[in-house]
Amino acid sequence: MNRIDFSPYRRTMVGFDRLFDMIENQGRANPGEKYPPFNIERRGPDAYRITLAVAGFKPADIDITAQANLLVVKGQKPEESVDGEMLHVGIAQRGFERRFELADYVRVDGADLADGLLVIDLVREVPEAMKPKKIAIGGNTLTVVDGSIEGDSAAA
């Protein structure tokens, strides 16, 4: 695997250590892990959806934990007794753990399990204090700037 040297950037960019560490460690964390398969979808400027294929798992078998900048999805099936003798086992029965790094201010909005697909909706909510503000010259009035993509500068 080709390694990228981030040291020139580390010398000149202050406060991006976590980003560089995350990029460098991404290749080391479970390099061959492909179970369960998943999709990540952008549903709007501040909305995302993660869909995991977890056929055979019940809602009680899945644990979703959201921490600061980290989403962990774990699945563990309890031991089940079968009435007959299994001749072939082709459906995955093993447990799993998937980790997703989340950007600042991204939170889990909801989760649903249907038809073997676990759907986790995420939204980015920037706090009022972090939104850009218009500052009037010669006055002390601050108004929040509309953050639309088209570049509208209408005050909210």
Side-chain angles (χ1 to χ4, degrees), residues 1-132 144-150 156:
M1 177 179 154
N2 295 336
R3 297 213 17 112
I4 300 171
D5 182 20
F6 289 110
S7 56
Y9 301 109
R10 286 183 184 271
R11 287 192 295 263
T12 59
M13 299 176 79
V14 178
F16 290 91
D17 297 334
R18 188 174 87 69
L19 175 65
F20 294 134
D21 292 342
M22 192 171 53
I23 292 170
E24 289 172 345
N25 293 332
Q26 189 64 32
R28 287 180 241 169
N30 300 330
E33 187 62 38
K34 297 192 184 327
Y35 177 76
F38 64 93
N39 294 337
I40 300 177
E41 173 185 3
R42 181 188 309 248
R43 301 186 53 83
D46 291 322
Y48 303 91
R49 175 173 282 174
I50 299 173
T51 305
L52 290 99
V54 293
F57 285 85
K58 299 176 184 140
D61 302 337
I62 298 174
D63 181 45
I64 303 171
T65 306
Q67 304 171 11
N69 301 102
L70 182 65
L71 174 67
V72 180
V73 181
K74 292 182 187 179
Q76 190 64 43
K77 290 188 66 115
E79 292 294 323
E80 295 179 0
S81 61
V82 265
D83 296 335
E85 177 185 357
M86 295 296 287
L87 300 176
H88 173 74
V89 178
I91 299 173
Q93 300 291 312
R94 67 183 186 265
F96 66 88
E97 180 176 318
R98 278 279 185 193
R99 294 176 172 266
F100 299 94
E101 296 282 342
L102 302 178
D104 292 336
Y105 313 116
V106 173
R107 68 169 181 81
V108 177
D109 191 39
D112 190 29
L113 178 64
D115 300 327
L117 297 175
L118 174 64
V119 176
I120 303 169
D121 289 317
L122 305 162
V123 293
R124 178 183 11 231
E125 292 179 343
V126 179
E128 284 294 320
M130 300 300 292
K131 291 183 180 175
V144 177
V145 176
D146 182 16
S148 65
I149 296 175
E150 289 115 22

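Values in this document were obtained by computation on a predicted structure and should not be read as measured data.
- Scanning all heavy atoms of the two residues, the minimum distance from Val108 to Ala66 falls at CG2-CB, 3.9 Å.
- Atom-to-atom distance recorded for Asp109:CG and Arg43:CZ is 11.0 Å, nearest 0.5 angstrom.
- Looking only at side-chain heavy atoms (C-beta outward), Tyr48 and Arg42 come within less than 4.5 Å of each other.
- A salt bridge does not link Arg99 to Glu101: none of the charged nitrogens lies less than 4.0 Å from a carboxylate oxygen.
- Two residues are said to be in side-chain contact when any heavy atoms from C-beta on lie closer than 4.5 Å; Val72 and Glu97 meet this criterion.
- The backbone N or O of Gly56 sits less than 3.5 Å from a side-chain atom of Lys77, completing a donor-acceptor pair.
- In this structure, Lys74 fails the cation-pi test against Phe96, since its NZ or CZ atom is not both closer than 6.0 Å to the six-membered ring centre and inside 45 degrees of the ring normal.
- Checking side-chain atoms of Asn69 against main-chain N and O of Leu102 turns up a donor-acceptor pair under 3.5 Å.
- Annotation: side chain of Leu71 is in contact with side chain of Ile120 (closest heavy-atom distance under 4.5 Å).
- Here the closest heavy-atom approach between residue Phe57 and residue Gly75 is recorded as CE2-C, 3.7 Å.
- Of the residues listed (Thr51, Leu52, Ile50), the one engaging Leu118 in a side-chain contact (heavy atoms from CB on, under 4.5 Å) is Leu52, and it is the only one.
- Nearest heavy atoms, Ala53 versus Pro36: O-CB, 3.2 Å.
- Expressed to the nearest 0.5 Å, how far CG of Asp46 lies from CG of Leu122 amounts to 12.0 Å.
- In this structure, Asp112 CG and Arg49 CZ are separated by 9.0 Å, a value rounded to the nearest 0.5 Å.
- With Tyr35 as the aromatic partner, Arg94 meets the cation-pi criteria of under 6.0 angstrom to the ring centre and within 45 degrees of the ring axis.
- Looking only at side-chain heavy atoms (C-beta outward), Ile62 and Val54 come within less than 4.5 Å of each other.
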